[in-house]
Amino acid sequence: MAEVLVLVDHVDGAVRKPTLELLTLARRIGDPVAVALGAGAGATAAVLGEHGAVRVLTSDAPEFADYLVVPKVDALQAAFEAVSPVAVLLVSSAEGKEIAARLALRVGSGIITDATGLEAGEQGVVATQAAFAASYTTRSRVSRGVPVITVKPNSAPVEPAPAAGAVEDLAVSFGEAATGTKVTSRTPRESTGRPELTEAAIVVSGGRGVNGAENFPLIEALADSLGAAVGASRAAVDAGWYPHTSQVGQTGKSVSPQLYIASGISGAIQHRAGMQTSKTIVAINKDAEAPIFELVDYGVVGDLFAVVPQLTEEINTRKG
């Protein structure tokens, strides 16, 4: 069976959930061959094998930690030439998209970004995407070369499928450009104890209707009761009520959780562009004419300061 390259997103050997989703999608079009780079790469093999990787190509060269992006492109190109895959899959993160673009240019292939689904077609791999602020769904394939595709988190379930997961060393020759941008320092991001926004299965967001940073604990309490990530609209972020790293929207982060709860968010097109592919959308807004109600699965017309605490209390009661 044809092989599919999957670039592994991991932290010191701990594989992140979006990579396991990629393995699920890769199995639909071929046999997954995982490429794990950097410190702890070898430790990823067991988990990757449990989720369908027939082989795991590893390299722990120091260049992956010392320099930005290009060493990973060099390594992925080496894997590409060694495997001759039918497709290359990466997570749709900022880094993943840059690696994908550079690789596609080097190997003369087409690129598809932010895919939400994959299938094998008669003329090659077909990807599903959301277009024009998710107002349309498109199906497309590249017309030249081997498709390089980035996939949005939460686009597929994580499905265990035990495979060999045989570990092989990947020989990488780094080019001159690999050392062009050196990492001079790293600062760990302060942990909130909540899931990563773009990877979370549930996201609870607050907007202009929250009416101040002092009221965002209401949103956080609801999120914590659900084990969810916290998001914010651009209006809330620009007002300084919540960090820019939590902004959901066209100029923020794009999310696609199983459940998205929008509290006090009117539903401007810029915000909808970042969350409209969510599987189930719930809105809480006191304005019955708010645009957000045009796309929701469930809408609550009411004051969030009354609705959200009651919802949080009910969830905690049922959990108890």
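We count residues from 1, following the sequence as given. Just so it is clear, the model here is predicted, and its values are computed rather than measured.
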Chemist: Got more than 12 heavy atoms from elsewhere within 6.0 Å of CZ, Arg28?
Modeler: yes
Chemist: Would the distance check show the side chain of Lys279 and the main-chain N or O of Asn154 forming a donor-acceptor pair, the cut-off being under 3.5 Å?
Modeler: yes
Chemist: Does Glu313 have more than 12 heavy atoms from other residues, nucleotides or ligands lying within 6.0 Å of its CD?
Modeler: no
Chemist: Roughly how far, to the nearest 0.5 Å, is the OG atom of Ser266 from the CD atom of Glu289?
Modeler: 13.0 Å
Chemist: Does the pair Arg208/Asp238 count as a salt bridge with the N-to-O cut at 4.0 Å?
Modeler: no
Chemist: Does the side chain of His10 reach to within under 4.5 Å of the side chain of Thr19, using non-hydrogen atoms?
Modeler: no
Chemist: What is the distance from atom CZ of Arg16 to atom CG of Asp9, rounded to the nearest 0.5 Å?
Modeler: 4.5 Å
Chemist: Do the non-hydrogen side-chain atoms of Glu50 and Pro162 ever get within less than 4.5 Å of each other?
Modeler: no
Chemist: Roughly how far, to the nearest 0.5 Å, is CG of Leu226 from CG of Asn316?
Modeler: 8.5 Å
Chemist: Quick check on the hydrophobic clustering: are Val230 and Leu197 connected, directly or via other members, by side-chain heavy-atom contacts under 4.5 Å?
Modeler: no
Chemist: Please report the interatomic distance OG1(Thr138) to CD(Gln129), rounded to the nearest 0.5 Å.
Modeler: 4.5 Å
Chemist: Taking a hydrophobic cluster as the set of Ile, Leu, Val, Met, Phe, Trp and Tyr residues connected by side-chain heavy atoms closer than 4.5 Å, whether directly or through intermediates, do Leu170 and Leu90 fall within one such cluster?
Modeler: yes
Chemist: Asp60 side chain to Gly40 main-chain N or O, any donor-acceptor pair under 3.5 Å?
Modeler: no
Chemist: Please report the C-alpha distance between Gln77 and Leu103 in whole Å, then the side-chain angles of each, then the deciding distance to 0.1 Å, and finally whether the side chain to side chain contact (heavy atoms under 4.5 Å, CB included) criterion is met.
Modeler: CA-CA 7 Å; Gln77 182 178 5; Leu103 177 68; 4.0 Å; yes
Chemist: Can a donor-acceptor pair be found, under 3.5 Å and without considering hydrogens, that links the side chain of Glu95 to the backbone of Val69?
Modeler: no
Chemist: Is there a side-chain contact between Val151 and Glu21 (heavy atoms, below 4.5 Å)?
Modeler: no
Chemist: Taking a hydrophobic cluster as the set of Ile, Leu, Val, Met, Phe, Trp and Tyr residues connected by side-chain heavy atoms closer than 4.5 Å, whether directly or through intermediates, do Val56 and Val91 fall within one such cluster?
Modeler: yes
Chemist: If two hydrophobic side chains count as joined below 4.5 Å and joins carry through other members, does Leu23 share a cluster with Val148?
Modeler: no
Chemist: Do the side chains of Pro147 and Arg141 get nearer than 4.5 Å, heavy atoms only?
Modeler: no
Chemist: Would a 4.5 Å heavy-atom cut-off, applied to side chains only, mark Leu57 and Val83 as touching?
Modeler: yes
Chemist: Is there a side chain to side chain contact (heavy atoms under 4.5 Å, CB included) between Glu220 and Tyr242 once you walk through the steps?
Modeler: CA-CA 11 Å; Glu220 293 176 331; Tyr242 220 68; 2.7 Å; yes
Chemist: Compare all side-chain heavy atoms of Leu218 with those of Val210 and state whether any distance is below 4.5 angstrom.
Modeler: no
Chemist: So, does Arg55 use its side chain to make a donor-acceptor pair with the main chain of Asp31 at under 3.5 Å?
Modeler: no
Chemist: Salt bridge or not for Glu196 and Lys17, using N-O below 4.0 Å?
Modeler: no
Chemist: Counting distance only, does the side-chain N/O of Ser109 pair as donor-acceptor with the main-chain N or O of Val146 below 3.5 Å?
Modeler: yes
Chemist: Applying salt bridge (charged side-chain N to carboxylate O under 4.0 Å, His left out), run through Arg102 and Asp74 and close with a yes or a no.
Modeler: CA-CA 10 Å; Arg102 288 173 178 264; Asp74 288 342; over 6 Å; no
Chemist: Where do Val70 and Phe174 land on the side chain to side chain contact (heavy atoms under 4.5 Å, CB included) test, with the steps shown first?
Modeler: CA-CA 9 Å; Val70 179; Phe174 297 107; over 6 Å; no
Chemist: Does a side-chain heavy-atom distance below 4.5 Å link Leu68 with Val183?
Modeler: yes
Chemist: Between Met275 and Ile281, is the side chain to side chain contact (heavy atoms under 4.5 Å, CB included) condition met? List the steps.
Modeler: CA-CA 9 Å; Met275 46 66 74; Ile281 301 172; 3.8 Å; yes
Chemist: Just wondering, more than 12 heavy atoms not from Glu214 lying within 6.0 Å of its CD?
Modeler: yes
Chemist: How long is the span from the OG atom in Ser246 to the CZ atom in Arg194, to the nearest 0.5 Å?
Modeler: 8.5 Å
Chemist: Work out which heavy atom in Ala2 is nearest to a heavy atom in Val86; give both atom names and the distance.
Modeler: CB-CG1, 3.2 Å
Chemist: I'd like to know if the side chain of Arg27 reaches the main chain of Glu159, judged simply by a donor and an acceptor atom lying under 3.5 Å from each other, with no hydrogens or angles considered.
Modeler: yes
Chemist: Is it true that atom NZ of Lys152 has more than 12 heavy atoms of other residues, nucleotides or ligands lying nearer than 6.0 Å?
Modeler: yes
Chemist: Would you call Asp114-Lys97 a salt bridge at under 4.0 Å N-O?
Modeler: yes
Chemist: Locate the shortest heavy-atom distance separating Thr44 from Ala36; write the atom from each residue and the value.
Modeler: OG1-CB, 3.5 Å
Chemist: Taking all atoms of both residues into account, what is the closest heavy-atom pair of Leu118 and Ala127, and its distance?
Modeler: CD2-CB, 3.7 Å
Chemist: For residues Val54 and Val33, determine if any side-chain heavy atom of one lies less than 4.5 Å from a side-chain heavy atom of the other.
Modeler: yes
Chemist: Quick check: closest heavy atoms across Ala273 and Gln250, and the distance to 0.1 Å?
Modeler: CB-CB, 4.0 Å
Chemist: Taking Thr277's backbone N and O only, do any of them form a donor-acceptor pair with Ser256's side chain (distance below 3.5 Å, no angle check)?
Modeler: yes
Chemist: Evaluate the ring planes of His271 and Tyr260, with Trp represented by its six-membered ring, and classify them as parallel (under 30°), tilted (30 to 60°) or perpendicular (over 60°).
Modeler: tilted
Chemist: Indicate if Val301 and Ile292 have the same hydrophobic cluster label, given that clusters are the connected sets of ILVMFWY residues with side-chain heavy-atom separations under 4.5 angstrom.
Modeler: yes
Chemist: From Leu76 CG over to Glu81 CD, what is the distance, rounded to the nearest 0.5 angstrom?
Modeler: 10.5 Å
Chemist: Can you name the nearest heavy-atom pair linking Val6 to Ala26, along with the distance?
Modeler: CG2-CB, 3.9 Å
Chemist: Where is the tightest heavy-atom contact between Asn211 and Asn215, given as atom of each residue plus distance?
Modeler: O-ND2, 3.3 Å
Chemist: Check whether Lys72 reaches the backbone of Phe64 with its side chain - one donor and one acceptor, N or O, closer than 3.5 Å.
Modeler: no
